[in-house]
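Right, one structure below, let's go through it.
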Number of protein chains: 2
Amino acid sequence: MKDADRLREARAIVNELLVDIFNRILAIESESLKDKGVKLSMSEIHVLEAITKTDEPTMTNIANKLGITVGSLTVSVNTLFQKGFVSRERDPEDRRKVIIGILPKAEEVLEKHNDFHNEMINSIFNDLKLEEDELLISSLRKLSSYFKQ
Amino acid sequence: MKDADRLREARAIVNELLVDIFNRILAIESESLKDKGVKLSMSEIHVLEAITKTDEPTMTNIANKLGITVGSLTVSVNTLFQKGFVSRERDPEDRRKVIIGILPKAEEVLEKHNDFHNEMINSIFNDLKLEEDELLISSLRKLSSYFKQ
DNA sequence: AGAATAGTTTTGAAGTTCAAAGTATTTGAA
DNA sequence: TTCAAATACTTTGAACTTCAAAACTATTCT
């Protein structure tokens, strides 16, 4: 087989795998949480996750992290606030901003969600050698930066 | 830095990148299509894509490929049929089955969608060496098989 | 103070999805 | 053979997510 053919095949496989993963990940993730007795929807989980991973967790910053509008985020935060998963307070420095915080009830849930992510990452890393990690990381980094261009 | 630390760091990065990609891919994909004058939503595009990639494209098989219920697929196919993107006909061998087909109007759209996927894949492969492909593929394959467990 | 700006919330509409109930067809066991 | 169960699909109603636009509040600028 020629190199060009091999490359074409490799691309096709990577593409197919990405599509497959994309199509299944949400459903499986949500099932995994249901099994663990978590009542929240996946989008609510992702909001909680984004809050913990946003440096200055204002509405605008969190919405950017998630790639949704601030209006959509407000709707979601409303119910999370009402259910007692997050706190909300004005920034004393700039009282236009609302800082969102995670409450203990949410930390529990995020821990269970993390288990899922860890299992997922395990399944990739299990029999990779250390020096091979770099390549995987650089591939994904390229993909991610392509999306942020 | 110890190997264990390096591994922990690698996992964290891979996880973060996957989450990032997941959060952005849909929005960007949909914007890319809007730029190209395509009127369909992403989920409609994914239905079309799944039809072309399912061996015997019955409702059940396509729904499985997509990871949604057959009922949901029916709703989507209803509008795609009405807009003239897909054909629908009973399987003469087993008249319970409905075989879905892609019409020319849909092929045009899928071509544009493919451009997006190709650009995406390009951005990963651009400066990978041939022998490195295998590793990337095997990593993704593991991830994908983990989801199909 | 008044106008402009920034951050957030509210609202209405559209789209996606599921679960449950209903229809049509096929299969298989009595 | 016949009819009950299984299979394939569609319909329906409800819940959820999201967006765009308008409204509101707080802050900054002139």
Side-chain angles (χ1 to χ4, degrees), chain A residues 22-31 33-34 38-48 50-51 54 56-83 86-101, chain B residues 22-31 33-34 38-48 50-51 54 56-83 85-100:
Chain A
F22 188 84
N23 276 337
R24 303 204 180 279
I25 192 165
L26 253 191
I28 303 203
E29 216 171 356
S30 112
E31 200 164 326
L33 281 173
K34 208 185 287 169
V38 174
K39 295 284 168 54
L40 298 176
S41 71
M42 278 322 296
S43 82
E44 287 173 315
I45 300 282
H46 284 150
V47 169
L48 294 179
I51 294 169
T54 303
E56 196 203 10
T58 63
M59 293 296 288
T60 301
N61 288 343
I62 297 165
N64 282 339
K65 186 102 187 169
L66 284 167
I68 62 176
T69 63
V70 187
S72 305
L73 183 59
T74 295
V75 176
S76 178
V77 167
N78 279 347
T79 71
L80 286 171
F81 178 72
Q82 206 172 8
K83 294 185 201 160
V86 303
S87 63
R88 246 173 169 166
E89 49 184 287
R90 292 276 167 187
D91 182 349
E93 308 284 305
D94 180 344
R95 294 189 40 73
R96 291 171 304 182
K97 297 182 183 173
V98 174
I99 308 287
I100 309 296
Chain B
F22 187 83
N23 276 335
R24 301 200 184 285
I25 193 165
L26 254 191
I28 303 204
E29 215 171 357
S30 115
E31 199 165 326
L33 281 172
K34 206 186 286 170
V38 173
K39 295 284 168 56
L40 298 176
S41 70
M42 279 319 299
S43 81
E44 286 173 316
I45 300 281
H46 285 150
V47 169
L48 294 178
I51 294 169
T54 303
E56 196 203 9
T58 62
M59 291 297 287
T60 302
N61 289 344
I62 298 164
N64 282 339
K65 187 103 189 170
L66 284 167
I68 62 177
T69 63
V70 187
S72 304
L73 182 61
T74 296
V75 175
S76 177
V77 167
N78 280 347
T79 72
L80 286 171
F81 178 73
Q82 206 172 6
K83 295 185 199 162
F85 287 92
V86 303
S87 63
R88 244 177 173 164
E89 49 185 286
R90 291 274 166 191
D91 181 349
E93 307 287 302
D94 181 344
R95 294 189 38 71
R96 291 171 304 179
K97 295 182 184 172
V98 175
I99 309 286
I100 309 295

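Chain naming here is simple, since letters A, B, ... match the order of the sequence lines and numbering starts at 1 in each. None of the values given here were measured: they were computed from a predicted structure. Worth knowing before you read on, the calculation uses all heavy atoms, side chains too, and leaves out hydrogens, waters and symmetry mates.
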OP1 or OP2 of [N] versus the side-chain N and O atoms of [X]: is any pair under 4.0 Å?
{"X": "Ser43(B)", "N": "dT16(C)", "value": "yes"}
{"X": "Thr69(B)", "N": "dA19(C)", "value": "no"}
{"X": "Asn78(A)", "N": "dT8(C)", "value": "no"}
{"X": "Thr74(B)", "N": "dT10(D)", "value": "yes"}
{"X": "Asn61(A)", "N": "dG7(C)", "value": "no"}

Distance, nearest 0.5 Å, that separates CD of Glu44(A) from NZ of Lys83(A):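 Those atoms lie 4.0 Å apart.
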
Gap between atom CG of Leu48(A) and atom CD1 of Ile62(A) - 0.5 Å precision: 10.0 Å

Sugar-phosphate only, base, or nothing, as touched by Val70(A) at under 4.0 Å among non-hydrogen atoms: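 Base contact.
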
Side-chain-base donor-acceptor pair under 3.5 Å for Arg95(A) and dT27(D): no

Tell me the interatomic distance from [X], atom [atom1], to [N], atom [atom2], rounded to whole angstroms.
{"X": "Leu80(A)", "N": "dT9(C)", "atom1": "CG", "atom2": "P", "answer": "13 Å"}
{"X": "Ile68(A)", "N": "dC16(D)", "atom1": "CD1", "atom2": "C1'", "answer": "13 Å"}
{"X": "Lys97(B)", "N": "dA6(D)", "atom1": "NZ", "atom2": "P", "answer": "18 Å"}
{"X": "Asp94(B)", "N": "dA8(D)", "atom1": "CG", "atom2": "P", "answer": "7 Å"}
{"X": "His46(B)", "N": "dG15(C)", "atom1": "NE2", "atom2": "P", "answer": "17 Å"}
{"X": "Glu89(A)", "N": "dT25(D)", "atom1": "CD", "atom2": "P", "answer": "20 Å"}
{"X": "Ile99(A)", "N": "dT9(C)", "atom1": "CD1", "atom2": "P", "answer": "12 Å"}
{"X": "Met42(B)", "N": "dC19(D)", "atom1": "CE", "atom2": "P", "answer": "14 Å"}

Any side-chain heavy-atom pair of Leu80(B) and Leu40(B) under 4.5 Å: yes

Close side-chain approach of Ile45(B) to Glu29(B), heavy-atom, < 4.5 Å: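 SC-SC contact between Ile45(B) and Glu29(B) ruled out.
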
Nearest-nucleotide 5' precedence on DNA chain D, Arg96(A) against Glu44(A): Glu44(A)

Closest to the Thr60(B) side chain, choosing from dT16(C), dG7(C), dC9(D):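 Looking only at heavy atoms from C-beta outward on Thr60(B), the closest nucleotide is dC9(D).
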
Thr58(A) or Lys34(A), whichever maps to the more 5' nucleotide of DNA chain C: Thr58(A)

Neighbour count above 12 (heavy atom, 6.0 Å) for Lys34(A) NZ: no

